[in-house]
Structures are given as structure tokens and as C-alpha cells.
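Contents: one structure, followed by commentary.
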Amino acid sequence: MLSAFTRAFKTPDLRKKLLFTLGIVVLYRLGAQIPVPGISYQNVQFCLDNQQSGDAGLLGLVNMFSGGALLQVTIFALGIMPYITASIILQLLVVVIPRLEALKKEGQAGQAKITQYTRYLTVALAVLQATGLVATARSGSLFQGCPVGDQIVPDDSVYTTITMVVTMTAGTALIMWLGELVTDRGIGNGMSILMFISIAAGFPGALWAIKQQGDLADGWIEFGTVVVVGLAMVGLVVFVEQAQRRIPVQYAKRMIGRRSYGGTSTYIPLKVNQAGVIPVIFASSLLYIPALIVQFSGSTAGWADWVRDNFTDQGAPIYVAVYFLLIVFFAFFYVAISFNPEEVADNMKKYGGFIPGIRAGRPTAEYLSYVLNRITWPGSIYLGLIALVPTVALAGFGANENFPFGGTSILIIVGVGLETVKQIESQLQQRNYEGFLR
């Protein structure tokens with residue numbers, strides 16, 4: 001990986017793209033430090049300094065995706081989360097709405113239209129999330145237990161509220177534009193790189209917090225142990241993310257005019273973790289709903305106490321079991337809507353392709369479904385175990401659900417890192433193609 005970046009810096013045009021990407025990253029991190037107008041910066045810092053590990057609670061996932069900007073209530077407080085949510089919603093709607101499905105099949109023009117819809121939906125979600133964040137900050141729920149938590153927004157006028165909502169919405173639109181700039185003029189994969197930077201920004205602080213909370217050798221034993229475990233997890237995630245089942249496909253020869261087409265062999269790569277990190281995000285978001293209802297209702301009934309005991313504490317046995325089962329369920333659900341065996345089988349049949357030993361058409365679709373279900377089981381169990389590492393294995397080191405080496409963060413870090421390296425290597429190959437002679 002390091003050799004790829006070294007060779008990229010030696011190539012003039014790639015060096016410009018890398019430097020442009022680094023410049024965008026600097027702007028992105030700078031915006032994550034500028035507070036929103038109307039916020040009491042002193043009170044926010046006081047609450048952050050007195051915050052205990054894991055107090056982020058329900059907003060911890062969004063805070064991780066924003067690189068810590070959410071709890072600091074900056075202009076980039078919402079981060080990339082509205083765009084991620086909008087993209088997932090559009091992916092689900094493509095399966096449900098025939099018009100969107102037709103646009104997806106139109107190629108680049110249809111994809112551009114879907115991208116435009118994603119932008120509009122991102123802005124709408126940003127308005128809703130910004131309004132919710134302002135209301136949460138004003139009520140004091142953003143920093144529970146902080147003595148000045150209800151003084152985060154000193155001025156509760158309508159003008160101040162509108163200014164804060166518009167500023168955070170504009171910040172989300174600016175992040176979306178920066179991501180598209182990285183995709184067009186940088187090294188590509190812009191939104192994922194900004195997400196990578198947001199999560200990586202929390203690494204030093206989280207690791208240093210574990211060192212400060214440790215007791216053995218002034219915390220260095222815990223620090224070293226967590227680093228070793230984290231590196232082992234990175235190796236495991238890289239191994240599983242690269243694993244795939246290759247289904248061989250043979251294309252018969254066809255004569256079109258005087259030319260012969262086909263007669264080649266290829267394969268369909270089915271990844272063990274075909275769903276990526278989406279099931280973990282879905283499960284985390286769904287489990288936040290009961291605790292959110294209890295938090296905003298303020299109920300003291302028996303059902304509210306049961307929810308607080310079992311769904312607010314991430315170490316509760318019921319929470320762990322439900323979380324694991326939801327991840328397994330959403331893994332199968334997302335694979336079912338993102339990979340259509342019947343469509344793949346029809347395309348293969350249309351172009352004269354077949355799987356050796358399997359008849360074309362419906363038998364091919366059934367075979368693909370059978371293989372996909374078999375490899376999704378270990379993939380979903382792997383996702384569940386990785387997501388539970390911060391809760392179970394690292395609880396003794398003061399880690400929480402937002403620990404950088406666990407769950408959602410490690411999957412995104414490794415996935416984006418692998419994809420970025422592949423893109424750089426492919427661009428290097430285009431510019432330094434040696435042909436058959438070396």
C-alpha cells in the first residue's frame with residue numbers, strides 16, 4: 001500500500017490529485033471545528049471536558065460519522081450522515097418504485113438522475129436532523145448530566161433557531177460538494193474518503209482515553225493490548241473483506257456478420273460480506289428508537305424502566321442478543337435487495353453465458369440464490385461478532401460502542417482503505433503500462 005502511494009507521488013498528475021484531495025480534507029476538518037452561530041462555545045467545552053466515556057449514548061454513531069463535530073455543535077455537525085441515509089433510502093426505493101428501477105437500467109444518464117434525487121433528499125434530511133439537533137441541544141439532552149447542558153443555546157428566539165438550522169444544512173450541502181470534488185478532480189471515491197477521515201479523526205483521542213483510564217503501568221499495558229487487538233482485528237477484517245466465491249461463467253461463441261464473439265471464460269465474484277457495513281448501521285439505528293422514545297417522553301412507567309435497563313446499556317444481555325440478530329437479519333435483507341439472481345441469470349442467458357453444469361435461465365437463478373444464501377450466513381455472523389467486540393471483549397479497557405477498533409468504524413476504515421488503494425493502483429497501471437516487454 002505504501003509503495004502505491006510512493007509511486008503515485010512520483011507521477012505528476014496523480015500527485016496533483018493527491019494534493020488536491022489532501023487540501024479538501026484540511027478544509028473539511030477545519031469546518032468541523034467552527035461552532036454554529038448561537039451556540040455557547042464555553043458551555044459546550046465545559047460539558048465535553050466533564051463528559052464520561054459512553055455518555056454520547058444515542059448520538060454516538062452520528063458523532064462518530066461527523067468526526068466529533070456533532071457534540072461540538074459545529075457547522076459540519078451533521079457530517080456525511082444525511083447523505084449516507086439518503087443513499088440507502090434511494091437504494092431501497094429503486095427496488096420498490098418501477099420508475100427508479102427504469103432509471104437505474106438507463107446507464108449513466110439514469111444514474112445521474114438518481115444522484116440528483118439523492119442530493120435533494122440529503123438536503124431535506126439535513127433540515128430535519130438539524131432541527132432535531134437544535135431541539136436536543138436546547139432541552140439539555142445533548143449532554144445529559146451536565147450542569148450547564150440546558151444552556152448550550154442561550155437564545156431561544158425563532159431567528160436564532162432558523163439561523164442554526166440553515167447553517168448546519170448549508171454545511172451538509174458543502175460537505176456533499178466537497179465529496180463530489182474529490183470524486184471528479186481528486187483520487188475518486190470522495191464521500192467514502194470524507195467518511196474515512198471523520199472516523200479516523202477520533203482514533204488518537206479514543207486511544208489516549210483508554211491509556212488514561214488504565215491502571216497497569218500507568219495505562220500503557222491497556223494501551224498496548226488494545227493496539228495489538230486492534231491490529232489483529234484489522235488483519236481479520238481485511239482477510240474476510242477480500243474473501244469471495246467465484247462462480248465460473250462460460251460464454252458460447254456467436255457469429256455476428258463475419259466476426260466471432262464470445263468463447264471466453266469469466267466468473268461472478270460473490271463476496272462473503274456482500275452487504276458491507278449497511279446491516280450494522282441499520283441495526284444500530286433501529287435499536288436507538290426505543291431509547292429515543294423513552295428519553296423524549298420522560299416516562300417513569302414500568303415499560304420505560306425496562307427499556308432503560310435493556311436498550312440503553314450496550315452491555316445488557318438482551319441488547320447484545322437483539323443487536324446480533326438484527327445484524328444477521330439485515331445482512332440477508334440487504335443482500336436480497338442489492339443482488340437479484342434472476343436479473344443476473346437473464347443477462348447471462350441474453351449474451352449466451354452459462355455456468356458449467358447448470359442450465360441457463362431459472363436453474364441458474366436458483367443456483368445463484370443457493371450459493372448466495374450459503375456464503376451470507378458466515379458473512380452475517382462475522383459482521384455481528386465484529387460489531388460486538390467493543391461491547392464484549394474490550395469492555396474491561398473502558399471502550400464503548402464508539403471505540404475506533406470495533407464495529408462500524410473498523411469496517412468502514414478497512415473497506416474505504418482497500419478501495420482507495422485499488423483505485424490508485426489502477427490509475428498507476430494506466431499511466432505506467434509496460435505491455436509484454438519488461
Side-chain angles (χ1 to χ4, degrees), residues 27-48 51 55-90 115-144 146 148-181 191 194-195 198 201 281 285 288-289 291-293 295-298:
L27 289 176
Y28 176 61
R29 291 306 303 161
L30 180 63
Q33 308 301 322
I34 302 175
V36 172
I39 288 292
S40 175
Y41 180 78
Q42 291 78 9
N43 291 339
V44 170
Q45 294 304 314
F46 177 82
C47 291
L48 286 175
Q51 184 183 23
D55 280 355
L58 304 176
L59 300 175
L61 181 67
V62 183
N63 186 60
M64 180 188 70
F65 277 108
S66 66
L70 176 72
L71 294 182
Q72 295 182 6
V73 199
T74 66
I75 59 175
F76 286 171
L78 302 180
I80 202 72
M81 199 63 181
Y83 183 84
I84 297 174
T85 307
S87 300
I88 294 175
I89 291 175
L90 261 295
T115 302
Q116 193 70 17
Y117 293 155
T118 305
R119 294 170 183 163
Y120 295 148
L121 184 57
T122 300
V123 174
L125 291 176
V127 173
L128 294 176
Q129 294 183 15
T131 305
L133 178 58
V134 172
T136 303
R138 180 178 296 171
S139 64
S141 300
L142 187 62
F143 298 100
Q144 295 183 4
C146 181
V148 294
D150 56 348
Q151 302 176 21
I152 298 297
V153 186
D155 186 5
D156 58 353
S157 64
V158 177
Y159 175 78
T160 302
T161 302
I162 294 177
T163 301
M164 295 174 63
V165 171
V166 171
T167 302
M168 285 188 282
T169 303
T172 300
L174 180 58
I175 292 174
M176 187 167 51
W177 180 62
L178 292 177
E180 293 180 355
L181 283 179
M191 296 298 179
L194 294 183
M195 191 191 312
S198 298
I281 297 177
S285 303
Y288 286 161
I289 294 178
L292 276 174
I293 295 174
Q295 177 179 342
F296 287 104
S297 66

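All values derive from a computational prediction rather than experimental measurement.
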Any idea which heavy atoms bring I152 and C47 closest together, and the distance? CD1-SG, 4.2 Å

Carefully, step by step, assess L133 and M168 under the rule side chain to side chain contact (heavy atoms under 4.5 Å, CB included). CA-CA 10 Å; L133 178 58; M168 285 188 282; 3.5 Å; yes

Quick test of your reading: applying salt bridge (charged side-chain N to carboxylate O under 4.0 Å, His left out), list the pairs with at least one residue in residues 116-133, sequence neighbours left out, ordered by first then second residue. R119-E180

What are the two closest non-hydrogen atoms of V165 and V127, and how far apart are they? CG1-O, 4.1 Å

Closest non-hydrogen atom pair, P37 against M164: O-CG, 3.1 Å

Check whether any side-chain heavy atom of Q33 lies under 4.5 Å from a side-chain heavy atom of T74, and answer yes or no. no

Quick one: ring pair (Phe, Tyr, Trp, His ring centres under 6.0 Å) partners of F76, sequence neighbours excluded? Y28

Can you measure from CD1 (I89) to CG (L121) and round to the nearest 0.5 angstrom? 5.0 Å

Say you draw a straight line from CG of L174 to CG of L181; how long is it, rounded to the nearest 0.5 Å? 9.0 Å

Measure the CG-OG1 distance between L125 and T118 for me, rounded to the nearest 0.5 Å. 10.5 Å

Does the side chain of S40 reach to within under 4.5 Å of the side chain of V153, using non-hydrogen atoms? no

CD1 on I80 to CG on L178, rounded to 0.5 Å: 9.0 Å

Under a 3.5 Å threshold, yes or no: a donor from one side chain and an acceptor from the other, between R138 and T161? yes

Euclidean distance, T85 OG1 relative to L128 CG, rounded to 0.5 Å: 11.0 Å

Residue list, side chain to side chain donor-acceptor pair (under 3.5 Å) with Y159, at least two apart or on another chain: none

Looking at D155 and T160, would you say the former's side chain and the latter's main chain have a donor-acceptor pair under 3.5 Å? no

For the pair V123 and T172, evaluate side chain to side chain contact (heavy atoms under 4.5 Å, CB included) and give the outcome as yes or no after the intermediate values. CA-CA 7 Å; V123 174; T172 300; over 6 Å; no

Under the criterion side chain to side chain contact (heavy atoms under 4.5 Å, CB included), I'd like the reasoning laid out for M191 against M176: C-alpha separation, chi angles, the key distance, then a yes or no. CA-CA 7 Å; M191 296 298 179; M176 187 167 51; 3.5 Å; yes

Report yes if some heavy atom in the side chain of P35 is under 4.5 Å from a heavy atom in the side chain of V44; otherwise report no. no

Report the distance from atom CD1 of I39 to atom CD1 of I34, rounding to the nearest 0.5 Å. 14.5 Å

